[in-house]
Amino acid sequence: MVREFPGRTLINIPTYQRCTKCRVCEGAQLEPVLSFGNMPLANAFLTQEGLNEPEPTYPLEVVFCSSCSLVQLTVSVPPEQIFREYLYFSSFSDAMLRHSQNVVQRLISERELDEGSLVVEVASNDGYLLQYFVESGIPVIGIEPAYNVALVAEERGIPTVTEFFDAELAGRLRSQGDGADVLIANNVLAHVPDLAQFVEGIRILLKEDGVAVIETPYIKDLVDGCEFDTIYHEHRCYYSLTALDRLFRQHELRIADVERLKIHGGSLRLYVTHPEAAGKEQSVESMLKQEKQLGLQTLEYYRNFSAKVERLTTALSDSLGKLKANGCHVAGYGAAAKGTVLLNACGLDNEIVDFVVDRNDNKQGRYIPGCRIPISPPARLLEAMPDYVLILIWNLAEEIQEQQAEYHRRGGKFIVPIPKISII
């Protein structure tokens, strides 16, 4: 499906593991859902010097496990190639900060957390969430394998362990007396190469009466909203509640409660406990029943997804091509992983999209992988006044429009590509 860019040197690097068994149940019946061909790593933003080097690419293929209903990728790129230097910083999103502050205040109140409690966050990034616990005097530990991101957290006063989380690390922390009253794992479960080790780590580190609060994108929202650009190599798995229920049961944990969230295009928030801590609430049983009725446990539910993606990418490519042919200038907003996927899947390079802007100064001066569109500060929008801005981080479209109200006031237009193409 990926549209190639003429003259670009993209090479298939065989430093990945092809998965022939399901990551949860180890079943071998993996049915094809969608294939993008070979793609660069979505967050491997290029430097000026890197433009002269061949770009590694990896198969990006989605399959469905007919045994446990987990949707997953067919390959696993070593996490060291993705996460040791990472350019995603959660604090650059105002919406993410508000979301995090709200859940922290709720947990402090509901769990009666104080200076004698301990909150551990896995994939704690730059301390965007844990900072609110620290402000309330509650002890925290962050676990973040990206050295450059962990350094920012440490500078904020967030004690951070720069390792990948697994059962061995959980055992070491627990042996030091660091059992977690609350363990937070937001938007990391999809990234995990070894789910058994990760979930076993949660079981070990969580106190007997503790709770793990886990947020992960919801496969139903991804399919219904045609959110194909959230599929990339970092995201190895795409979860239904049915698949998650089976995963945690395998490690003697229970999903005590579940909530649906709008963030990231649609997510689940799970409250996971030891079996003796709490019984399952009606919300879990109700959603499991609903998924069964809708067919999320069957291949048929996902069968039309590939065709929907092909129609949307073709329409977007054609629409932007016509704008360019008519003399219009188009820029992008948001050098995010989803932007890399969307631009490459649609075959959009700097012949169509002049530049992309992003608030993250770690990305400014670099280039989008594959399509090699330059990344600039947001101020360039008012300087250049392109006719259209393609909002690549469409899940934050309202926030972007608020930030760029002056651009809009001067006559600039926004294009939101997902779930369907709309011009504002």
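When reading the values below, keep in mind they use all heavy atoms of this one structure, side chains included, and skip hydrogens, waters and symmetry mates.
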Novice: Given the rule in the side-chain contact (heavy atoms from CB on, under 4.5 Å) test, do V309 and L312 qualify, once you have shown the distances and angles that lead to the verdict?
Specialist: CA-CA 5 Å; V309 173; L312 182 56; 5.9 Å; no
Novice: Check the pair T242 / E291 against side-chain hydrogen bond (donor to acceptor under 3.5 Å, both in side chains), numbers first and verdict last.
Specialist: CA-CA 7 Å; T242 302; E291 288 189 352; 2.6 Å; yes
Novice: Would you call the rings of Y302 and F64 parallel, tilted or perpendicular, taking 30° and 60° as the class edges?
Specialist: tilted
Novice: Treating R23 as the side-chain partner and L70 as the backbone partner, does any N or O pair qualify as donor plus acceptor under 3.5 Å?
Specialist: no
Novice: May I have the step-by-step check of side-chain hydrogen bond (donor to acceptor under 3.5 Å, both in side chains) for E61 and T74, ending in yes or no?
Specialist: CA-CA 6 Å; E61 303 159 342; T74 60; 2.6 Å; yes
Novice: With no hydrogens and no angle check, is any side-chain donor or acceptor of Q364 less than 3.5 Å from a backbone partner on D358?
Specialist: yes
Novice: Does any N or O in the side chain of Y147 come within less than 3.5 Å of the main-chain N or O of E144, such that one atom is a donor and the other an acceptor?
Specialist: no
Novice: Is it true that, when you exclude E112 itself, more than 12 heavy atoms of the residues, nucleotides or ligands shown sit nearer than 6.0 Å to its CD?
Specialist: no
Novice: Would you check if L73 and I231 make a side-chain contact, meaning some heavy-atom pair closer than 4.5 Å?
Specialist: yes
Novice: Measure the spacing between CG of D245 and CG of L288 and express it to the nearest 0.5 Å.
Specialist: 5.0 Å
Novice: For T160, does its backbone N or O pair with a side-chain atom of E154 as donor and acceptor, under 3.5 Å?
Specialist: yes
Novice: Give a yes or no on whether E31 atom CD has more than 12 heavy-atom contacts from other residues, nucleotides or ligands under 6.0 Å away.
Specialist: yes
Novice: Could you check Q101, E121, H99 and say which one makes a side chain to side chain donor-acceptor pair (under 3.5 Å) with Y128?
Specialist: E121
Novice: Are F414 and Y407, when compared by the centres of their aromatic rings, separated by less than 6.0 Å?
Specialist: yes
Novice: Look only at the side chain of R236 and the backbone of H191, and say whether a donor-acceptor pair between them is shorter than 3.5 Å.
Specialist: yes
Novice: Do the side chains of R172 and E168 get close enough for a salt bridge, i.e. N-O under 4.0 angstrom?
Specialist: yes
Novice: Under 3.5 Å, side chain of R269 to main-chain N/O of I214, donor-acceptor pair present?
Specialist: no
Novice: For the pair T314 (side chain) and R311 (backbone), establish whether a donor and an acceptor sit closer than 3.5 Å, ignoring hydrogens and angles.
Specialist: no
Novice: Run the ring-centre check on F198 versus F165 and record whether the distance is less than 6.0 Å.
Specialist: yes
Novice: Could you state the interatomic distance from OG1 (T340) to CG (D229), rounded to the nearest 0.5 Å?
Specialist: 10.0 Å
Novice: Would you compute the distance between atom CD1 of I138 and atom CD of E115 and round it to the nearest 0.5 angstrom?
Specialist: 8.5 Å
Novice: Would you find more than 12 non-hydrogen atoms of other residues, nucleotides or ligands less than 6.0 Å from E259 atom CD?
Specialist: yes
Novice: Heavy-atom count check: over 12 atoms from other residues, nucleotides or ligands less than 6.0 Å from Q105 CD?
Specialist: yes
Novice: Are more than 12 heavy atoms from other residues, nucleotides or ligands located less than 6.0 Å from atom CD of Q29?
Specialist: no
Novice: Do the side chains of D354 and K324 get close enough for a salt bridge, i.e. N-O under 4.0 angstrom?
Specialist: yes
Novice: Could D181 and R111 be called an ion pair, given the rule that one side-chain N must be under 4.0 Å from one carboxylate O?
Specialist: no
Novice: Using atom types as modelled and distance alone, determine if a side-chain donor or acceptor of D194 lies under 3.5 Å from a backbone N or O of A196.
Specialist: yes
Novice: Could R372 and E351 be called an ion pair, given the rule that one side-chain N must be under 4.0 Å from one carboxylate O?
Specialist: no
